[in-house]
Participant: 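Got a structure for you, questions after.
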Amino acid sequence: MASSYDLLHRGVQRWVRDQGWTELRQVQDRAIRAILSGDSDILIAAATAAGKTEAAFLPLLGRAADRDAGGIAILYIAPLKALINDQARRLGGLCDDLGLPLVRWHGDAPQGPKERARRNPRGVILITPESIEAMLIRRPTDARRMFATLEAIVIDELHAFLRGPRGLHLAGLLRRIEALGTRPRRIGLSATIGDPKIAAAWLRPDAPEAVTLIEAEGGQPELRLQVRGYAERDALVGTDAIDAEGRRIDGEADALSAVADHVWRNLRESNNLLFAGSRRNVEELADRLRRRSDEVGVPNAFLPHHGNLSRELREEVEARLKDGAVPTTAVATTTLELGIDIGSVASVAQLGAPRSLAGLRQRLGRSGRRADTPAVLRIYVREPAVPVDPLDRLRLPTVRAAAAVRLLLARFVEPPERHDPALLSVAVQQILSLTVERGGIAPAALHRALFASPPLALAPADLAALLRGMADAEAGLIEQAPDGLLMLGREGERITERRDFYANFESDEEWTLVAGGRTLGTIPLANAIAIGGLIGFAGRRWRITAVDDRARVVQVTTHPAGRLPMFENGSAEPIHDRLAAEMRAVLEDDDAPRWLDATAAGFLAEGRATWRVIGASGGGLIEAGRTTHLLTWRGSAFNHLAAVLFVAAGLHAEAHDIGVAIEGVTPGELGSRLPELMKLLDIRRLSESVEGLRREKYDGFVPESLLRAAWADRHVAMLPDLQALPRTIAAAAV
DNA sequence: GACCTGCTGCGGTTTG
């Protein structure tokens, strides 16, 4: 059998030799054969830096070089501008050799090459979903000329599009691109997270079984992991009070200080990633770690990395990691989860128990990527020193960390939700956008073009209701011409002309922080800003020297003290049913995992002892002062639904990680409300009690009745389990 | 008690 190398275009072969590659990776070998042997859609699932890009592009570019037809041959779509820039660097030389133009097409990319590609489309375009959106509505004629001839659409980081508004948006864009000409094959590049069949179904919804799956084989590196427990040590925990000399007024005698000590001692001399969970934690930890280095007089090895830091500061951290000359540990949020090239790291650490296995796997995938090195994972868990609430005695952070490790070893990953809550919002945007692109469209054609199949499937009656809402006088988004054609209304014109129309997510207004002409990043506008004020940001401390209210620019200069800004959005990352269930399993088990340190093992033992008492007495209801905890051991979605039930009954209830807190009632009183609760167990009726349904960018234009019906559709499958709750209450309240 | 992502076209100015 011919080697896959022999199948490649001669120019591509020459380039491969010039790289000094002695062989092609297995994923590349299989992808080359699959791509050159037909026209099927293909999903390539492999770890970051496994050579997925080359696996797709080596054969595709050879084909493109041989073809006679004009027009763009390959459209590469990525979720980040930084990835487009990375790929342009990696593929630029090869495209030059083959005489194929390679054009970066995003908001920060130069105009000249885009202009040339519009006039004489050839070769490859690397683009973001938002730039596709802009091209389709601003220059539909150019878009048709460029996209009518596509042979392949390559979607990088496909797993990032499997849930949420951006994925639905891209699904709509793909349909619109296909409507312009040929039916290009789709090639998805994905991390090895979750079920590849789900990704295949997203890639080609009408023929998922025809997608060729190419998965990297085995090669699971050895995993070394530890969960480390820390007890808070005094009552000032969580304050950010800092004195003029830059010391915390509580003297840092808290658990985070002990975590920082351990991190500083163990990670200082190698490259690592420390995921801290929130921007605030990143800043807090980076500040403490830097001060430890300052006190001893050694160079600081710990640098913050999050979405509010300027591109420049983030790229410095990424370059230090990739370069490897100076030991560097990035203290990061999720910014370093996606495939920006940062080389390999010695270990991954995480502050706080994981809430998502998908996230944990993705983070772990950054470690142990060399064949002979183990992946190393540390999880730091903090617990209250003196439990106040009975729930504290269950030691749930430690239990969740243990449950997450068990599910990690069991290879569990959360699947995406079947009904995405962003569907109606994305539908509003795509209706407006397609109306502009086509200069008017009939409702039936609209349904065929966008909404006939998943993931954007919408029943004709629901589409009609949505269109009526968009057309009503108050909304004014669309109008219907006498011949039935949909046209833009006044508000529709206004919205689609704005620059922020292209993205399907909202962005908040912010202050920009500048120090000595250098942009540090941004903080939410909600932070009070005044000259003389102190700020902790980018791992350092600053004093405000000037404020430009109109431009929203704040000048700062270094200062010994600083107070961390507010970032939080007020809701926690939801957890999945399986993780909550595994937490109970951990409590009911009696094993002694070796990967718990002594403190964490002590917390686990305490949690289990507590659960033996609570569980023995039914375990459903816990009395805590005037609050009653109903423990469901289900995930956030179910607990949210249960809270809606109690709110509908006139009670004040809030969902938490493993159940619902119902305020102002004892378990006995709750039992007496049972007949009332039973009467409410109807999903339509419950949907009337839900608040805060408008969360996505264009939800404001969706009729409320549609939003409530969609909520009911998302939750109806849980109704039988909800109906079992009153029995739990009755049993426990006796 | 969370995180992340994106952006046109035009007119003016500067630079090679």
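To find a chain, count down the sequence lines: A is the first, B the second, and so on, and within it residues start at 1.
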Participant: Would you indicate what R138(A) reaches in the nucleic acid, counting non-hydrogen atoms under 4.0 angstrom: base, sugar-phosphate, or nothing?
Facilitator: sugar-phosphate

Participant: Give, ordered by number, those residues of residues 503-512 of chain A having at least one heavy-atom distance below 4.0 Å to an atom of DNA chain B; if nothing qualifies, reply none.
Facilitator: A503(A), F505(A), S507(A)

Participant: Describe the nucleic acid contact of E573(A) in one word from base, sugar-phosphate, nothing, applying a heavy-atom distance below 4.0 Å.
Facilitator: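 The residue E573(A) makes base contact.
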
Participant: Tell me what G277(A) touches on the nucleic acid: a base, only sugar-phosphate, or nothing, going by heavy atoms under 4.0 Å.
Facilitator: sugar-phosphate

Participant: How would you label the contact of R400(A) with the nucleic acid (heavy atoms, under 4.0 Å): base, sugar-phosphate, or nothing?
Facilitator: nothing

Participant: Going 5' to 3' on DNA chain B, which nucleotide is the first and which the last to come under 4.0 Å of a heavy atom in chain A?
Facilitator: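 Both ends considered, the range comes out as dG1(B) to dG9(B).
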
Participant: Report yes if the distance between the aromatic ring centroids of H715(A) and F638(A) is under 6.0 Å, otherwise no.
Facilitator: no

Participant: Give a yes/no verdict on a cation-pi contact between R363(A) and F275(A), requiring under 6.0 Å between NZ or CZ and the six-membered ring centre and an angle within 45° of the axis.
Facilitator: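 Yes, cation above the ring, under 6.0 Å and within 45°.
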
Participant: Heavy atoms only, 4.0 Å cut-off, all strands: where does A655(A) land among base, sugar-phosphate and nothing?
Facilitator: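 Base, at least one base atom sits under 4.0 Å.
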
Participant: Just to verify, which of N308(A), L525(A), I523(A) counts as forming a side-chain contact (heavy atoms from CB on, under 4.5 Å) with E510(A)?
Facilitator: N308(A)

Participant: May I ask you to say what H306(A) touches in the nucleic acid, namely base, sugar-phosphate or nothing, with a heavy-atom cut-off under 4.0 Å?
Facilitator: sugar-phosphate

Participant: What nucleic acid atoms does P129(A) come within less than 4.0 Å of, heavy atoms only: base, sugar-phosphate, or nothing?
Facilitator: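 No contact.
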
Participant: If the condition is side chain to side chain donor-acceptor pair (under 3.5 Å), which residues does R400(A) pass it with, not counting sequence neighbours?
Facilitator: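 Partners of R400(A) under the side chain to side chain donor-acceptor pair (under 3.5 Å) test: D657(A).
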
Participant: Sequence neighbours left out, what passes ring-ring contact (aromatic ring centres under 6.0 Å, His included) with F567(A)? Give chain and number order.
Facilitator: H306(A)

Participant: Between the main-chain N or O of G635(A) and the side-chain N or O of N639(A), is there a donor-acceptor pair closer than 3.5 Å?
Facilitator: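 Confirmed, N639(A) side chain pairs with G635(A) backbone.
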
Participant: Using a heavy-atom cut-off of 4.0 Å across all strands, would you classify R355(A) as base, sugar-phosphate, or nothing?
Facilitator: base

Participant: Let's see if you get this right: which residues in residues 487-496 of chain A place a heavy atom under 4.0 Å from DNA chain B?
Facilitator: none

Participant: Give, ordered by number, those residues of residues 103-114 of chain A having at least one heavy-atom distance below 4.0 Å to an atom of DNA chain B; if nothing qualifies, reply none.
Facilitator: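 H106(A), G107(A) - these, ordered by number, are the residues of the stretch whose heavy atoms sit under 4.0 Å from the strand.
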
Participant: Have a look at S278(A) and say if it touches a base, only the backbone sugar-phosphate, or nothing, with a 4.0 Å heavy-atom cut-off.
Facilitator: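 Result for S278(A) = sugar-phosphate.
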
